[in-house]
Each structure stands twice: as structure tokens, then as C-alpha cells.
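Atoms within a ligand are numbered from 1 in the order they appear, just like the ligands themselves. Treat the numbers as computed from the prediction; the structure is a model and nothing was measured.
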Amino acid sequence: MAIDQTLTIRRPDDWHVHLRDGAVLAGVTPYTARQFARAIVMPNLSPPVTSVEAARAYRERVLAAVPEGMDFTPLMTCYLTDSIRADEVARGHAEGVFTAAKLYPAHATTGSAHGVTDIANIMPVLERMAAIGMPLLVHGEVTDHNVDIFDREAVFIERTLAPLVARLPELRVVFEHITTRQAVEFVESAGDNVGSTITPQHLHINRNAMLVGGIRPHAYCLPVAKREERQLAQPKAATSGSAKYFLGTDSAPHAVSAKESACGCAGLFNAPFALESYAAVFEEEGALDKFEAFASENGPRFYRLPLNEGTVTLDRAELEVPATIDANGTPIVPFHAGETLRWKLRA
Ligand code: NCD
Ligand code: ZN
């Protein structure tokens, strides 16, 4: 890898993205397809993607949104519900439709109303996934009203994730979008069957970004950004060179009107400049030599998929992030809106 005025790495993948549906799907997909060879596409549509048939149809809609001439492969996921059948999940995996299955604790986040109310309800599904080597992707937050929102990830580890990993040691688990020191400690202490995605926002911001000088809805996502002391574990982990951490943007676009509201939606649209955003953190940490592993190698190795052929290049150049982006008729504020980034993906 050459480091200097240019940064060239193997083509990367995004192991966690929300592409939505309908007109917005067509508006946001090109941004992801421009940056990444493949992406794990989240199933929290309305209604959620809970069958092989629905995932196949959604995959077709995603592919139809990829601009002519771009080479991009969406990897689909199954939304786990209390009543989903192990046979359906396993069949989707065997047929190459479901790359993985996603666990949303019910009401933990956007589009999780149909999620799992008690992990005991899906134990037969998880046992089957462990047996066939199908990855479980976890939104790791408890929904208990008595637990402070800033503690929900740490409490989830204690109450749900650690017991699950102990009970099913063969299960391959991605602890998604980690935000705390406790999550890093858990991932470190677990076996190679546990990996983790880290978002650009959780590398860059702590909760001040959301709360200082006024309430800033465009910095609000779930899991919510934590206090500085906890958040700093994320850049260290991502840039450590450990194979357990990989790129997953959790790009989650919402219309400006849905964010700037008395009850604003959680989710941050970082797809347009995701690589540039990550590169800034790796550079600040003096770890640009670890960027390629995080962006392009650790993810496919965890998922047991081939590494991509080809490369992408970022140039050292000023990149002005626009205040809003028009996603096929829906205005969306991107992460880093109005800021200048110092790397730019070559077209
Ligand atoms: C996601 C969304 O909007 O779909 N929002 C978010 O804040 N990350 C859901 C999720 O991944 O939690
Ligand atoms: Zn997400």
C-alpha cells in the first residue's frame, strides 16, 4: 500500500448499510455502490424482510438502483422475529439469498417494532445458524425502560450477548456498530467467532456533538454516541490492526424533515464520503497502514467470502461536504455536512 499524497487499498466493502426502499433507494444506493464493492443490506424496511422471497425481491430492487457500469453486489439479510422459522432462515442461506440474519431487540431502534422480544423465542433459529455457520448480526442494546440510554449497550452485553455467546460458542456473531469501551473489551475477550463493525460517526464524535450549543438531530443515531471516555475505545480498536474489527457504516438516511422534528429519527447518512471519513481517523491515529485490513480484508475473512479484486485510490485533496444531498427528491443532511475532509476518493 502506498502512503503519501495518495492512499491505494484493495476495494473495500460496507458490512452494514441501510439502503431503504422506493424513491430513496434509488437516491442513496449510487453513493454506496461508488465507494464499495459489496454491502450487507439491512432488512428493517416496512414491512421488514422476513422471508427468502422478500429478500430476493428486495435484492432485485437494490440492483435496479445501481447505476449502469458500477460493479456492486448487495448481500441480503434476514430480519429475525419472534415467530420466524429456522427452516426459512436456513433455506435462504443455503440458496445464497441471506448472507446473514439480523437481531433487532424489539423497539430498540428505527424499524425494529417487529424485532425479537426475548432471545429465548429464537433459540432454535440461533442453534440452526450456529450449526450451518450463518452469521448473526446484533443490534446490541437493551430496551428496558429502566436502563439509561447511554448504558444500553453495556447492559446488553451482560444480560444478553455474553450469555448467548457462552451458550452457543459455535455461533458466529457480529456485534454491530459498537460504541463503548465495554463493547471493545467484550469483543477482545471473545473467540474468533465474534467480530464487530465500527461506524465513522462513532470514531469521530462523542455525545457533545449532539448536545453542545443546541440539540443537533443530525448527530443522533443509535446506538447513541457516548461520552468521550467511552467513545475513545473505538478509534483505538479500529486502528489496532486486530482482525476482529471491520468497516460497517450504518449509513441510515432519513429525510431532513424526519430528523428536524420534535421526535427526530435516529440515523445518520454517511455513505457519500464514508471512506474519506474513515481515512481521516486512521490518519489522526497514525495508522493509515492499518486502513486496508479494516476496510477490505477483515470483513470478508469473517464472512468467509473472497477478498475483492482491484483497488480504490484516495487522493490528498480538500473535499467540501455539502450541506444537503438530494436523494432522488428527498433532501438528506450527510455526516460531516459543511466540513472539509482531507481525502477524496478518486472517481
Ligand atoms: C438505523 C435506521 O435508521 O434504520 N438507525 C440508526 O440510528 N442507526 C437503525 C439502526 O441500525 O439502529
Ligand atoms: Zn443499522
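No option in Glu276, Glu284, Glu320 other than Glu284 meets the salt bridge (charged side-chain N to carboxylate O under 4.0 Å, His left out) test with Arg342. Checked against Glu176 for a side chain to side chain donor-acceptor pair (under 3.5 Å), the options Lys102, His139, His16 give a single hit: His16. Screening Glu260, His18, Arg20, Lys259 against His254 for a side chain to side chain donor-acceptor pair (under 3.5 Å) leaves a single residue, Arg20.
The heavy atom nearest to atom 3 (O) of ligand 1, out of those in Arg20, Met42, His16, is found in Arg20. Comparing His18, Gln201, Glu141 by heavy-atom distance to atom 11 (O) of ligand 1, the nearest is His18.
Considering every non-hydrogen atom in both Asp82 and Thr117, the closest pair reads OD2-OG1, 2.7 Å.
Within the 6.0 Å centre-distance limit, the rings of Trp15 and Tyr303 are counted as a close aromatic pair.
In terms of protein heavy atoms, atom 10 (C) of ligand 1 is closest to Thr109 OG1, 3.4 Å. Of all protein heavy atoms, the one lying nearest to atom 7 (O) of ligand 1 is Leu222 N, 2.8 Å. Protein heavy atom nearest atom 5 (N) of ligand 1, with residue, atom name and distance: Ala266 O, 3.2 Å.
Residue His254 has at least one heavy-atom neighbour below 4.0 Å for each of these atoms of ligand 1: 3 (O).
With a heavy-atom cut-off of 4.0 Å, Glu176 does not touch ligand 1 at all. Contacts with ligand 1 closer than 4.0 Å are made by side-chain heavy atoms of Asn44 only, the backbone lying farther away.
For a threshold of 3.5 Å applied to N or O pairs, the pair formed by Gly267 and ligand 1 contains at least one separation below that value. Taking distance alone, with nitrogen or oxygen atoms compared against 3.5 Å, Asp250 approaches ligand 1 more closely than that limit.
Heavy atoms from other residues, nucleotides or ligands lying under 6.0 Å from CD of Glu95 number more than 12.
Annotation for Ile205: hydrophobic cluster partners, listed by chain and number, are Leu268, Phe335 (ILVMFWY side-chain heavy atoms under 4.5 Å, direct or chained).
Taking a cut-off of 2.8 Å, the protein N, O or S atoms nearer than that to the Zn ion (ligand 2) are His16 NE2, His18 NE2, Asp250 OD1.
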